[in-house]
Amino acid sequence: GTKLIEASENIGAGKYVNIYDDTGTAKIRLADNSNSREAHGFLKDAVTTGNNGTVYFEGTNDDLSGLTAGARQFLATAGGVTSTPPTSGGGAQISQLLGIAITATEIDTDIDDIVVLA
């Protein structure tokens with residue numbers, strides 16, 4: 001499914017986003033493993049601050065590059081992805097599996113719950 005939600009910052013296509021409550025209004029911002037903003041979905045089209053973005057909660061995110069087919073993809077910083085599982089020693093506060101790369105530009109998104117790193 002999808003949902004239109006207002007962006008509180010500029011967000012590029014293919015970025016994973018965090019949905020949060022801004023004084024009673026749902027908004028989206030970049031998901032980030034370094035500040036515990038877990039990913040709830042991703043965007044296929046860029047959105048600018050104050051405008052509504054279409055958040056996808058599952059399915060193929062095909063706005064990426066440099067992926068290795070078959071590799072697990074984890075949340076990185078600034079809405080990005082990494083094939084290296086985050087560790088607390090690397091500055092990450094959470095580890096979250098986002099899905100599996102199916103080509104160099106696509107992830108089959110199936111977002112898992114977070115693991116809080118000590």
### Task
Could you tell me whether the side chain of Asp108 and the main chain of Ile100 form a donor-acceptor pair under 3.5 Å?
no
### Task
Not counting sequence neighbours, which residues clear side-chain hydrogen bond (donor to acceptor under 3.5 Å, both in side chains) with Asp62? List them please.
none
#### Entry: Test side-chain hydrogen bond (donor to acceptor under 3.5 Å, both in side chains) applied to Asp63 - qualifying residues, sequence neighbours left out
none
### Task
Could you note down all residue pairs passing ring pair (Phe, Tyr, Trp, His ring centres under 6.0 Å) where residues 75-118 supplies at least one of them, sequence neighbours left out?
none
#### Entry: Contacts of type salt bridge (Lys or Arg N to Asp or Glu O under 4.0 Å), residue Glu6, not counting sequence neighbours
Lys27
### Query
Of all residues at least two apart in sequence or in a different chain, which pass the side chain to side chain contact (heavy atoms under 4.5 Å, CB included) check with Thr23?
none
#### Entry: ring pair (Phe, Tyr, Trp, His ring centres under 6.0 Å) pairs, two or more places apart, involving residues 94-118
none
### Query
Shortest non-hydrogen contact from Ile94 to Leu75?
CD1-CD2, 4.3 Å
### Task
Answer with yes or no whether the hydrophobic clustering places Ile19 together with Ile114; edges join I, L, V, M, F, W, Y residues whose side-chain heavy atoms lie under 4.5 Å apart.
no
### Task
Apply side chain to side chain contact (heavy atoms under 4.5 Å, CB included) to Asp112 and list each qualifying residue two or more places apart in sequence or on a separate chain.
Leu97
### Task
Could you tell me whether the side chain of Gln96 and the main chain of Ile111 form a donor-acceptor pair under 3.5 Å?
no
### Thr103 side chain to Glu106 backbone, donor-acceptor under 3.5 Å
yes
## Note on the structure
The complete set of ring pair (Phe, Tyr, Trp, His ring centres under 6.0 Å) pairs with one or both residues in residues 27-64, sequence neighbours excluded, reads Tyr16-Phe42, Phe42-Tyr56
### Query
Applying side chain to side chain donor-acceptor pair (under 3.5 Å), which residue pairs with at least one partner in residues 71-93 are found, sequence neighbours left out?
Ser36-Gln93
### Task
Would you please test Val81 and Ile107 for side chain to side chain contact (heavy atoms under 4.5 Å, CB included) and show each step?
CA-CA 10 Å; Val81 301; Ile107 292 176; 3.9 Å; yes
### Message
If you count heavy atoms of other groups shown closer than 6.0 angstrom to NZ of Lys44, is the number above 12?
### Response
yes
### Task
Spell out, as yes or no, whether a donor-acceptor pair under 3.5 Å connects the side chain of Asn18 to the backbone of Glu38.
yes
### Task
Check whether the side chains of Asn10 and Thr48 place a donor and an acceptor atom closer than 3.5 Å, and report yes or no.
no
### Query
Can you tell me how far the CG atom of Asp45 sits from the CD1 atom of Ile11, to the nearest 0.5 Å?
12.5 Å
### Query
Taking only residues two or more places apart in sequence or in another chain, which ones pass ring pair (Phe, Tyr, Trp, His ring centres under 6.0 Å) with Phe74?
none
### Task
Flag yes if Leu43 and Leu64 sit in one hydrophobic cluster, no otherwise; membership is Ile, Leu, Val, Met, Phe, Trp, Tyr, and two members link when side-chain heavy atoms are under 4.5 Å apart.
no
### Message
Please check this pair: side chain of Ser8 against backbone of Ile28, looking for a donor-acceptor N/O pair closer than 3.5 Å.
### Response
yes
### Query
Judged by atom type as modelled, is there a donor-acceptor pair below 3.5 Å linking the side chain of Asp21 to the main-chain atoms of Ala26?
no
#### Entry: Co-members of the apolar cluster containing Ile102 [side chain, <4.5 Å]
none
### Message
Does atom CD (Glu58) have a neighbourhood of more than 12 heavy atoms from anything else shown, all under 6.0 Å?
### Response
no
### Message
According to a hydrophobic-cluster definition based on side-chain heavy atoms being under 4.5 Å apart (Ile, Leu, Val, Met, Phe, Trp, Tyr only), do Val17 and Leu98 belong together?
### Response
no
### Message
Less than 6.0 angstrom from the centroid, inside 45 degrees of the normal: does Arg29 satisfy that with respect to the ring of Tyr20?
### Response
yes
### Message
List the residues meeting side-chain hydrogen bond (donor to acceptor under 3.5 Å, both in side chains) with Ser65, not counting sequence neighbours, and say none if there are none.
### Response
none
